[in-house]
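Okay, so here's the structure we're looking at.
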Amino acid sequence: MLIVGFGDSITAGVFLSVEDTFLYKLGLKYGFDIYNAGVPGNTTSQGLSRMQTDVINKEPNICIIEFGMNDHVATELDKQAVDPATFKENLTLMIKNLLDIKCTPILCTISPIIEGNEDEYYYNRHPQEWYQSPLGAQAWIDQYSQIIRDVATEMGVRLADVASAFANHLALGGTLTGANGVLRNLDNAGADDGVHPTAIGHDLYFSTLVEQINTIQIGLC
């Protein structure tokens, strides 16, 4: 059995030890082989260009698709790096490619960010005034997460609703910031990252993915 993690820097597990990443923990839990096909900075369009080599040729049984954090990014006023329609088309094509080789896809929604301001966190790197429709970068991310949910429903594939898992964690007293924050921040990393999950954040990915993998009839995937 082989699980491929197909995505961006979150899948890649940047800033973490391999043992703290959700993909490693999945391999350990199920005794599966794992292949990390996460590339920092990648959008779905960039992912598609390498899908044959990094995913299809590996012939995985399960493929975790984790994109969106870079697709939504504004490149100018109200213009995304990958527009919503293209994002949806890209995800749909990824799923079709996986189903063609009888691989079980699992789509992930997008974890949250710390928006901050022009001096720190997300808006220190991405101009806040570019995020107008809808208002704010987190709202853009939420829009892309909803597209992911819609694609999962329309294509009849499994969804690891990471965005909801993070929201539930916060509702129960967890935090984005601070020493025990689920995102890298000034307190736990000495950096105003606010995008990449900590080991605690990767645990949320892990538990949400476990819920989906447990429903798969391994012999049929």
Side-chain angles (χ1 to χ4, degrees), residues 6-12 14-15 38-49 64-95 106-155 157 159-171 174-177 181-186 191-198 201-202 204-205 208:
F6 184 38
D8 52 33
S9 59
I10 294 175
T11 294
V14 296
F15 305 115
V39 174
N42 257 201
T43 65
T44 50
S45 296
Q46 292 167 316
L48 268 175
S49 70
I64 297 163
I65 302 174
E66 181 276 311
F67 286 98
M69 188 61 80
N70 299 301
D71 294 77
H72 87 275
V73 171
T75 57
E76 58 185 79
L77 176 62
D78 282 338
K79 180 177 175 59
Q80 306 92 345
V82 177
D83 66 82
T86 303
F87 181 66
K88 184 174 183 179
E89 291 171 3
N90 289 345
L91 290 176
T92 300
L93 183 54
M94 287 178 180
I95 292 169
I106 303 176
L107 287 177
C108 293
T109 53
I110 310 164
S111 47
I113 59 170
I114 301 170
E115 290 179 294
N117 53 49
E118 64 181 10
D119 295 320
E120 61 183 19
Y121 293 107
Y122 190 89
Y123 293 137
N124 182 39
R125 302 183 293 274
H126 307 281
Q128 184 173 0
E129 61 271 18
W130 286 0
Y131 296 85
Q132 294 299 315
S133 301
L135 184 62
Q138 185 61 58
W140 285 37
I141 291 172
D142 294 343
Q143 179 185 47
Y144 278 62
S145 281
Q146 188 56 50
I147 292 169
I148 295 167
R149 295 186 186 102
D150 293 344
V151 170
T153 299
E154 292 168 14
M155 299 292 290
V157 299
L159 174 74
D161 199 342
V162 171
S164 293
F166 273 74
N168 291 339
H169 179 76
L170 298 179
T175 63
L176 298 179
T177 58
V182 292
L183 301 180
R184 295 181 76 246
N185 61 74
L186 289 166
D192 65 336
D193 183 323
V195 170
H196 296 99
T198 60
H202 270 253
L204 292 176
Y205 272 84
T208 308

Is there a side-chain contact between [X] and [Y] in this structure, where contact means two heavy atoms from C-beta onward sitting under 4.5 Å apart?
X	Y	answer
Val39	Gln46	no
Arg125	Asp192	yes
Asn185	Leu176	no
Leu107	Ile95	yes

Practice task
Check Asp150, Val157, Ile148 against Leu91 for a side-chain contact (heavy atoms from CB on, under 4.5 Å) and give me the one that passes.
Solution key: Ile148
Exercise for the section: Would you mind telling me which of Asp193, Ile113, Leu186, Val195 makes a side-chain contact (heavy atoms from CB on, under 4.5 Å) with Tyr121? Expected result: Leu186
Expected output: side-chain [X] to main-chain [Y] donor-acceptor under 3.5 Å:
X	Y	value
Tyr122	Gly194	no
Ser111	Ala163	no
Asp71	Val82	no
Gln138	Glu115	no
Thr109	Val162	yes

Check [X] against [Y] and note the closest heavy-atom contact, atom names and distance.
X	Y	result
Ala12	Gly38	CB-O, 3.5 Å
Gln80	Trp140	CG-CZ3, 3.5 Å
His72	Ala137	CD2-O, 4.2 Å
Asp8	Gly68	OD2-N, 4.2 Å

Practice task
Any pair with a residue in residues 81-91 that passes side-chain hydrogen bond (donor to acceptor under 3.5 Å, both in side chains), sequence neighbours left out, goes on the list, sorted by first then second residue, please.
Solution key: Thr44-Asn90, Ser45-Asn90, Asp83-Thr86, Lys88-Glu154
[atom1]/[X] to [atom2]/[Y] distance, rounded to the nearest 0.5 angstrom?
X	Y	atom1	atom2	result
Ile106	Ile65	CD1	CD1	9.5 Å
Asp161	Arg149	CG	CZ	4.0 Å
Leu77	Tyr131	CG	OH	11.0 Å
Asn117	Gln128	CG	CD	8.0 Å
Met69	Ile110	CE	CD1	6.5 Å

Practice task
Answer yes or no: are there more than 12 heavy-atom neighbours, outside Glu118 itself, under 6.0 Å from its atom CD?
Solution key: no
Handout entry: Donor + acceptor pair across side chains of Gln146, Asp142 (<3.5 Å)
Key = no
Problem - Ring-ring centroid check Phe67 Phe6, cutoff 6.0 Å - result: yes
Practice task
Check step by step if side chain to side chain contact (heavy atoms under 4.5 Å, CB included) holds for Tyr205 and Ile10.
Solution key: CA-CA 10 Å; Tyr205 272 84; Ile10 294 175; 3.6 Å; yes
Exercise for the section: Begin from the C-alpha positions of Asn70 and Thr43 and carry the test side chain to side chain donor-acceptor pair (under 3.5 Å) through to its verdict. Expected result: CA-CA 5 Å; Asn70 299 301; Thr43 65; over 6 Å; no
